[in-house]
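Atoms within a ligand are numbered from 1 in the order they appear, just like the ligands themselves.
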Amino acid sequence: MNTHFLLYRSKARKKIQTETIVDILAKSIRNNREEGLTGFLHTYDDQFLQYLEGPQGPLMRKVARIQKDRRHTDFLILAEGEVEERLFPDWEMGQIAD
Ligand SMILES: Cc1cc2nc3c(=O)[nH]c(=O)nc-3n(C[C@H](O)[C@H](O)[C@H](O)COP(=O)(O)O)c2cc1C
């Protein structure tokens, strides 16, 4: 099965709180496991940087869902394409803190 990847950055509407990250990660780990998605979420200042990889259909549906999330804005896709093998096969959603 092909593995698609997408990297985007966005800006938090409010200062990023630990509770916000914990909530996003908890949901992501549960949902992404079911949908075969893996990747990481990095936060720095008021910015999010997220990398997602997995089957193209579920991945693009997830990205469309995430893009509508009111907690962030200024969503910008930085890179998108295919990878032969997953880079983060064990991370339903890893957190990389600054
Ligand atoms: C920066 C950011 C990254 C997110 N990443 C994911 C993700 O990887 N997987 C996911 O399911 N939801 C993610 N979300 C949350 C979704 O926007 C949405 O709130 C969630 O999928 C809803 O889950 P539910 O339908 O189970 O309540 C993210 C939200 C933000 C703001």
side-chain contact (heavy atoms from CB on, under 4.5 Å) partners of Q56, counting only residues at least two apart: N2, H4, M60, E82
Protein heavy atom at shortest distance from atom 13 (C) of ligand 1: S28 OG, 3.4 Å
Check: R9 and F48 side chains under 4.5 Å, non-hydrogen atoms: no
Protein residue, atom and distance nearest to atom 14 (N) of ligand 1, heavy-atom basis: I66 CG1, 3.9 Å
Heteroatom distance test (D69, ligand 1): nitrogen or oxygen, under 3.5 angstrom: yes
Protein heavy-atom partner closest to atom 5 (N) of ligand 1 - residue, atom, separation in Å: Q50 NE2, 3.0 Å
Close side-chain approach of I16 to I21, heavy-atom, < 4.5 Å: yes
Proximal atoms of ligand 1 relative to M93 (non-hydrogen, under 4.0 Å): 8 (O)
Ring pair (Phe, Tyr, Trp, His ring centres under 6.0 Å) evaluation trace for F40 with H42: CA-CA 6 Å; F40 68 77; H42 173 55; 7.3 Å; no
Ligand-residue contact atoms, ligand 1 with R71, heavy atoms, under 4.0 Å: 15 (C), 19 (O)
Pick from E92, R65, K27: the one approaching atom 25 (O) of ligand 1 most closely through a non-hydrogen atom: R65
Numbering as shown, the atoms of ligand 1 that approach F48 to under 4.0 Å (heavy-atom distance): 1 (C)
Atoms of ligand 1, numbered as shown, that sit under 4.0 Å from any heavy atom of N32: 7 (C), 8 (O), 9 (N), 10 (C), 11 (O)
Shortest heavy-atom approach to atom 30 (C) of ligand 1 - which of L37, I24, T43, L49: I24
Contact with ligand 1 for Y8, non-hydrogen, under 4.0 angstrom: yes
Trace of the side-chain hydrogen bond (donor to acceptor under 3.5 Å, both in side chains) decision for T3 with E53: CA-CA 6 Å; T3 301; E53 61 190 2; over 6 Å; no
Ligand 1 N/O within reach of K62 N/O, cut-off under 3.5 Å: yes
Heavy-atom check, side chain of L49 versus side chain of L7, under 4.5 Å: yes
Atom of K11, atom of D46 and distance for their closest heavy-atom approach: NZ-OD2, 3.3 Å
Heavy atom of L52, distance to ligand 1 below 4.0 Å: yes
Name every donor-acceptor pair, under 3.5 Å, that has one atom in a side chain of residues 26-36 and the other anywhere in the protein, sequence neighbours excluded.
| residue | atom | partner | partner atom | Å |
| --- | --- | --- | --- | --- |
| S28 | OG | I24 | O | 2.6 |
| N31 | ND2 | K27 | O | 3.4 |
| N32 | ND2 | S28 | O | 3.4 |
| N32 | ND2 | E92 | O | 3.0 |
| E35 | OE1 | K62 | NZ | 3.3 |

Heteroatom distance test (H72, ligand 1): nitrogen or oxygen, under 3.5 angstrom: no
Closest non-hydrogen atom pair between L6 and L59, with its separation: N-CD2, 4.3 Å
Geometric class of the F75/Y8 ring pair [parallel <30°, tilted 30-60°, perpendicular >60°]: parallel
Protein heavy atom at shortest distance from atom 26 (O) of ligand 1: N31 ND2, 3.4 Å
